[in-house]
2 protein chains.
Amino acid sequence: MKALDISEVAKRSGVPASALRHYEEKGLIESIGRRGLRRIFEPVVLDQLALVALGRAAGFSLDEIARMFGVDGRPKIDRAMLAAKAADLDATIRKLEAMRDGLRHAAACPAPSHMECPKFRRYLRVAAAGAHGGRKRDRLAAPFSSGTGNSLSHDRSPRRPPVDRRR
Amino acid sequence: MKALDISEVAKRSGVPASALRHYEEKGLIESIGRRGLRRIFEPVVLDQLALVALGRAAGFSLDEIARMFGVDGRPKIDRAMLAAKAADLDATIRKLEAMRDGLRHAAACPAPSHMECPKFRRYLRVAAAGAHGGRKRDRLAAPFSSGTGNSLSHDRSPRRPPVDRRR
DNA sequence: ATGCCACTTCAAGTCGACTTGAGGTCAAGC
DNA sequence: GCTTGACCTCAAGTCGACTTGAAGTGGCAT
């Protein structure tokens, strides 16, 4: 039969069982019953998990993901909102591109201090551009350690910076 | 004269004073002295803060940023690492693009469930691609509500709800 | 000289997404 | 029929980046 036991789902998806329980509690996935105490899931949960992972990778919170898509992958809220999210992502992408170019340049440029390099400053300006107009510090990706062995990034939790309200 | 008082820096940069103190403690910026108790900074701190904001926007932790650049904006660690970070960012960007396209499509596609739409699934596959090879749950951006008025992201209200930590 | 009050320090709290731990349950294998 | 071990629940802990609160300090205007 098609029913998957939680450990099966964990194994196939790479998502720890504890996280699966957490997702279920949050309403992101649902189990179709129990075998004894054990949760059992339909195989489609694997697709749902992929969608969740994708949303998380794009920086959405679990709550946002739950609001964007039902467990069936059907958009729950209006399409305009999805389009807006897409637009947000687009702005995000442009900032990341500037950051990437800045880093790339920093790795190659011989200038002693990048702050004095006009090219670098230009990237900086581009990247900062978004943060300025809209006035909102958003947070983005923690790209993971590349294979360089330089892994400084031990990633963990995202965070939304609280809106700053200083008088 | 050029020295800026902390409140000045906060005002000009949009970064709360408490965060500035935090950054100083972390070694991301430095004050050049005190006037009474008040920290004073050189104007260049504004550039440094822009760099920090940029790094944060790209998803790096404060520690990583501190390791990548000294307070002077000079790369502290080897250039290969910076290039590697750039490559990471590049992979990230591609995932985000897939997510964006997926959302864009979800907003337009009439299919009842996106899980059944081949196009959507393809975006999903692309976006999920990176997550698989590296096997590390990376986290990315939390783009904020765009200006569409669709803001689902409740930013923290200024007043804290009553603490409920009963145990 | 006095008061104001924006700053200071330091400890503790917050938020999200989980993880960890203690104590409990149960289908299965011997 | 008893042990085993993977699962269960629920509370509490963790991590990063700050924020908040209490209590203190000192420049500046009166």
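All heavy atoms count here, side chains included; hydrogens, waters and symmetry mates do not. Chain letters run A, B, ... following the sequence lines, proteins first and then strands; every chain starts at 1.
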- Any Lys/Arg nitrogen of A/Arg121 or B/Asp47 sitting under 4.0 Å from an Asp/Glu carboxylate oxygen of the other? yes
- Message: Would the distance check show the side chain of A/Arg35 and the main-chain N or O of A/Asp5 forming a donor-acceptor pair, the cut-off being under 3.5 Å?
- Response: no
- Message: Expressed as a whole number of angstroms, how long is the span from B/Leu20:CG to D/dA17:C1'?
- Response: 13 Å
- Message: With a 4.5 Å cut-off on side-chain heavy-atom distances among I, L, V, M, F, W and Y, is there a chain of contacts connecting B/Leu46 to B/Phe69?
- Response: yes
- Message: Can you measure A/Ile29 atom CD1 to C/dC18 atom P for me and round it to whole angstrom units?
- Response: 11 Å
- Message: Does a side-chain N or O of B/Ser18 approach OP1 or OP2 of D/dT19 to a distance below 4.0 Å, or not?
- Response: yes
- Message: I need the CZ-P distance between A/Arg35 and C/dA28, as an integer number of Å.
- Response: 8 Å
- Task: Decide yes or no on salt bridge (charged side-chain N to carboxylate O under 4.0 Å, His left out) for B/Arg39 and B/Glu24, but give the supporting numbers first.
- Result: CA-CA 10 Å; B/Arg39 283 162 179 80; B/Glu24 187 182 22; 2.5 Å; yes
- Calculate, to the nearest 0.5 Å, the distance between atoms CE and CG belonging to B/Met81 and A/Leu103 respectively. 9.0 Å
- Starting at atom CD of A/Glu24, determine the distance to atom C1' of D/dC10, rounded to an integer number of angstrom. 15 Å
- Query: Quick check: does any side chain N or O of B/Arg38 sit under 3.5 Å from a backbone N or O of B/Ile6, one acting as donor and the other as acceptor?
  - Reply: no
- Message: Tell me if a side-chain donor or acceptor on B/Arg100 pairs with a main-chain N or O of A/Lys85 at a distance below 3.5 Å.
- Response: no
- Message: Please tell me whether A/Asp63 and A/Ser61 have a donor and an acceptor in their side chains that are separated by less than 3.5 angstrom.
- Response: no
- Task: Indicate whether OP1 or OP2 belonging to C/dA17 is found under 4.0 Å from a side-chain N or O atom of A/Tyr23.
- Result: no
- Rounded to whole Å, the CD1-C1' distance (B/Ile40 to D/dG26) equals 15 Å
- Side chain of A/Pro16 only, please: which of C/dC18, C/dT19, D/dG16 is the nearest? C/dT19
- Item | B/Glu30, CD: over 12 other non-hydrogen atoms inside 6.0 angstrom | no
- Task: May I have the distance from A/Asp63 (atom CG) to C/dG16 (atom P), rounded to whole angstrom?
- Result: 7 Å
- Note on the structure: From CD1 of B/Ile65 across to P of D/dG16 the rounded distance in Å is 14 Å
Taking only N/O atoms, report every protein-nucleotides 2-8 of chain D pair under 3.5 Å with atom names and distance.
residue : atom : partner : partner atom : Å
D/dC7   : OP1  : A/Ser7  : OG           : 2.8
D/dC8   : OP1  : A/Arg39 : N            : 2.9
D/dC8   : OP1  : A/Arg39 : NH1          : 2.9
D/dC8   : OP2  : A/Arg21 : NH1          : 2.1
D/dC8   : O5'  : A/Arg39 : NH1          : 3.4
D/dC8   : O3'  : A/Arg34 : NH1          : 3.3

- Task: Calculate the interatomic distance between A/His22 atom NE2 and D/dG13 atom P; express it in whole Å.
- Result: 18 Å
Check: protein-nucleotides 10-12 of chain C nitrogen or oxygen pairs below 3.5 Å:
none

